[in-house]
Amino acid sequence: MTKLYVGNLPFSATDESVRALFSNHGTVEKVSLINDRDTGRPRGFGFVEMSSADAARAMAALNGTDFEGRTLRVNEAQERSGGGGFRSGPRGR
DNA sequence: CATGAGCGC
């Protein structure tokens with residue numbers, strides 16, 4: 001499964017809206033929109049998990065397209081440092 | 001009541 005970084009999202013966008021949008025180009029495994037926990041405002045970007053084929057397809061299909069009035073940014077997501085669990089070991093994931 | 005970089009606790 002590949003993680004997709006979705007940026008330049010409109011503040012009106014929601015996880016279900018993003019899921020529906022990506023669902024049109026492939027099977028969406030999971031959608032996680034990121035909101036600023038410091039101020040409580042949505043940062044305007046999120047992450048979408050899909051299979052590698054569907055992820056690349058949706059990325060190429062939705063990247064650079066207009067979504068809710070904003071130019072959608074879709075790219076491969078970087079690996080998050082740490083996370084809920086401590087990932088220090090040769091056996092990641 | 002709001003805002004706009006870009007990579008999530």
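Numbered from 1 within each chain, the chains take letters A, B, ... in sequence-line order.
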### Message
At a heavy-atom distance below 4.0 Å, what parts of residues 6-27 of chain A sit against DNA chain B?
### Response
N8(A), L9(A), P10(A), F11(A)
Within this structure, what is the [atom1]-to-[atom2] distance between [X] and [N], rounded to whole angstrom?
X: R70(A); N: dT3(B); atom1: CZ; atom2: C1'; value: 10 Å
X: E79(A); N: dG8(B); atom1: CD; atom2: C1'; value: 12 Å
X: E49(A); N: dC7(B); atom1: CD; atom2: P; value: 18 Å
X: K3(A); N: dG6(B); atom1: NZ; atom2: P; value: 21 Å
X: D66(A); N: dG4(B); atom1: CG; atom2: C1'; value: 15 Å
X: R73(A); N: dG8(B); atom1: CZ; atom2: C1'; value: 19 Å
X: N35(A); N: dG6(B); atom1: CG; atom2: C1'; value: 16 Å
X: L72(A); N: dG6(B); atom1: CG; atom2: C1'; value: 12 Å

### Rounded distance (nearest 0.5 Å) linking atom CG of N8(A) with atom CG of L72(A)
7.5 Å
### Message
Taking transitive links into account, so neighbours of neighbours count too, which hydrophobic residues share a cluster with F11(A) at under 4.5 Å side-chain distance?
### Response
none
#### Entry: dA5(B) base / R43(A) side chain donor-acceptor hit below 3.5 Å
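It does not, because no donor-acceptor pair links the side chain of R43(A) to the base of dA5(B) below 3.5 Å.
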### Query
Syn or anti for dG4(B), with syn set at within 90° of 0?
anti
#### Entry: R80(A) side chain, from C-beta outward: closest of dC9(B), dA2(B), dC7(B)
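Per side-chain heavy atoms of R80(A), the pick is dC9(B).
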### Message
Can you identify which nucleotide, out of dC9(B), dT3(B), dG6(B), has its nearest atom closest to the Y5(A) side chain?
### Response
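That would be dG6(B).
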### Query
So, are D36(A) and R41(A) salt-bridged, with charged N and O less than 4.0 Å apart?
no
### Query
Quick one: does E76(A)'s side chain get under 4.5 Å of Y5(A)'s, heavy atoms only?
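The answer is no; the side chains never approach within 4.5 Å.
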### Message
Tell me whether F47(A) and dG8(B) count as stacked here, given that the ring centres must be under 5.5 Å apart and the planes must differ by less than 30 degrees.
### Response
yes
### Query
Which sits closer to the 5' end of DNA chain B, Q78(A) or T39(A), going by the nucleotide each is nearest to?
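Looking at the nearest nucleotide for each, T39(A) comes out on the 5' side.
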### Task
Tell me whether L33(A) is reachable from V6(A) by hopping between hydrophobic residues (I, L, V, M, F, W, Y) whose side-chain heavy atoms are closer than 4.5 Å.
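Cluster IDs for V6(A) and L33(A) match.
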### Query
Linking I/L/V/M/F/W/Y whenever any side-chain heavy atoms sit under 4.5 Å apart, do M59(A) and F45(A) land together?
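No, it is not one cluster - the side chains of M59(A) and F45(A) are not joined through contacts under 4.5 Å.
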### Message
Need one value for E76(A): base, sugar-phosphate or nothing, where a base atom within 4.0 Å counts as base even if backbone is also close, heavy atoms only.
### Response
base
Side-chain polar contacts of residues 25-32 of chain A - donor-acceptor pairs under 3.5 angstrom, sequence neighbours left out - could you list them?
none

